[in-house]
Engineer: 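Okay, handing you the structure first.
This structure is a prediction, so every number in the text was calculated from the model and none was measured.
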Amino acid sequence: MRRAVFESGFALAAVGLNLLGLLEAWRYSGEGGLMPRGVMTLMLVLSGLWLAQSVSALRQADGPMLAPTSAQLRGALLLIVAGAALLFGMRFVGFYTSAAIIVPTLAWGLGYRNLKGLIIGTVLFVCVLIAVFRFLLVVPLPPEIILLPFGG
């Protein structure tokens with residue numbers, strides 16, 4: 001398959017998902033909605049540019065062909081599984097707990113083997129998530145299941 005065909009399909013999907021995300025972000029009221037609307041608008045513009053570039057590449061008679069390696073396919077599958085796990089984990093386990101489990105697991109699965117770096121990176125990532133959602137956006141998230149026995 002030509003790369004431009006593949007990219008056009010994914011770019012179109014990205015435009016659609018970003019449009020849905022922007023519509024959802026528009027429901028946030030007050031100052032807490034500024035950042036999600038801004039990020040989703042930027043994402044929509046960037047995915048639109050990607051779509052335009054991919055469609056433009058379709059006009060060329062020949063173009064690069066896709067020949068993914070097994071490692072690339074494994075990595076893509078791992079990203080899809082991690083995304084689904086994060087979605088379900090946010091709903092049933094908790095947003096921060098899911099991130100604390102999935103981020104290092106995904107990094108390990110993609111080949112990052114520095115244990116100290118994984119721990120530091122995960123702690124920093126979760127701290128940034130907490131700061132953004134609790135203090136910047138002031139968005140209430142579902143309770144963390146592991147904190148419920150402690151009143152959290």
Engineer: If hydrophobic clusters are built from ILVMFWY residues whose side chains come within less than 4.5 Å, do V132 and M43 share one?
Structural biologist: yes
Engineer: Would you call the rings of F88 and F92 parallel, tilted or perpendicular, where under 30° means parallel and over 60° means perpendicular?
Structural biologist: parallel
Engineer: Decide yes or no for L110 and L79: does some side-chain heavy atom of the first lie under 4.5 Å from some side-chain heavy atom of the second?
Structural biologist: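 They are in contact (side-chain heavy atoms under 4.5 Å apart), so the answer is yes.
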Engineer: Nearest 0.5 Å please: distance from the CZ atom of R3 over to the OG atom of S8.
Structural biologist: 11.0 Å
Engineer: Treat each ILVMFWY residue as a node, draw an edge where side-chain heavy atoms are under 4.5 Å apart, and state whether L87 and F95 are in one component.
Structural biologist: yes
Engineer: Determine, stepwise, if the pair W50 / L46 fulfils side chain to side chain contact (heavy atoms under 4.5 Å, CB included).
Structural biologist: CA-CA 6 Å; W50 182 27; L46 291 174; over 6 Å; no
Engineer: State the OH-CG distance between Y112 and L106, to the nearest 0.5 angstrom.
Structural biologist: 13.5 Å
Engineer: How many angstroms lie between OH in Y96 and CG in L129, if you round to the nearest 0.5 Å?
Structural biologist: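 Here the interatomic distance stands at 7.0 Å.
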Engineer: Would the distance check show the side chain of S98 and the main-chain N or O of G94 forming a donor-acceptor pair, the cut-off being under 3.5 Å?
Structural biologist: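 Side chain of S98 to backbone of G94: a pair is present.
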Engineer: If only atom types and distance count, is the side chain of Q72 paired as donor or acceptor with the main-chain N or O of T69 below 3.5 Å?
Structural biologist: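 Such a contact is found between Q72 side chain and T69 backbone.
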Engineer: Would you check if L77 and L73 make a side-chain contact, meaning some heavy-atom pair closer than 4.5 Å?
Structural biologist: no
Engineer: Identify the two heavy atoms, one from I102 and one from A85, that lie closest to each other, and give their separation to 0.1 Å.
Structural biologist: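 Minimum heavy-atom separation between I102 and A85: CD1-C, 3.4 Å.
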Engineer: When rounded to the nearest 0.5 angstrom, what is the spacing between CE in M40 and CD in E24?
Structural biologist: 10.0 Å
Engineer: Are L20 and Y28 joined in one hydrophobic group, where the rule is that I, L, V, M, F, W and Y side chains link up if heavy atoms are under 4.5 Å apart?
Structural biologist: no
Engineer: Taking the side chain from R37 and the backbone from L22, do they hold a donor-acceptor pair closer than 3.5 Å?
Structural biologist: no
Engineer: Judged by atom type as modelled, is there a donor-acceptor pair below 3.5 Å linking the side chain of R74 to the main-chain atoms of G109?
Structural biologist: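 Indeed, once roles are kept as given, a pair shorter than 3.5 Å links the two residues.
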Engineer: Nearest 0.5 Å please: distance from the CG atom of L19 over to the OG1 atom of T41.
Structural biologist: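 Between L19 CG and T41 OG1, I get 10.0 Å after rounding to 0.5 Å.
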Engineer: Taking F125 as the starting point, is it possible to reach I120 by hopping between hydrophobic residues whose side chains are less than 4.5 Å apart?
Structural biologist: no
Engineer: Taking all heavy atoms of N18 and all of S47, pick out the closest pair and write down the distance.
Structural biologist: ND2-OG, 3.2 Å
Engineer: Is the shortest side-chain heavy-atom distance between V39 and M35 below 4.5 Å?
Structural biologist: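 Sidechains of M35 and V39: in contact.
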Engineer: Please determine whether the number of non-hydrogen atoms from other residues, nucleotides or ligands lying under 6.0 Å from atom CZ of F10 exceeds 12.
Structural biologist: no
Engineer: Check A100 against T122 and note the closest heavy-atom contact, atom names and distance.
Structural biologist: O-CG2, 3.7 Å
Engineer: To the nearest 0.5 Å, how far apart are CG in L49 and CG in L44?
Structural biologist: 10.0 Å
Engineer: Is there a path of hydrophobic side-chain contacts, each under 4.5 Å between heavy atoms of I/L/V/M/F/W/Y residues, joining V126 to M90?
Structural biologist: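 Yes, it is one cluster - the side chains of M90 and V126 are joined through contacts under 4.5 Å.
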Engineer: With no hydrogens and no angle check, is any side-chain donor or acceptor of T105 less than 3.5 Å from a backbone partner on I101?
Structural biologist: yes
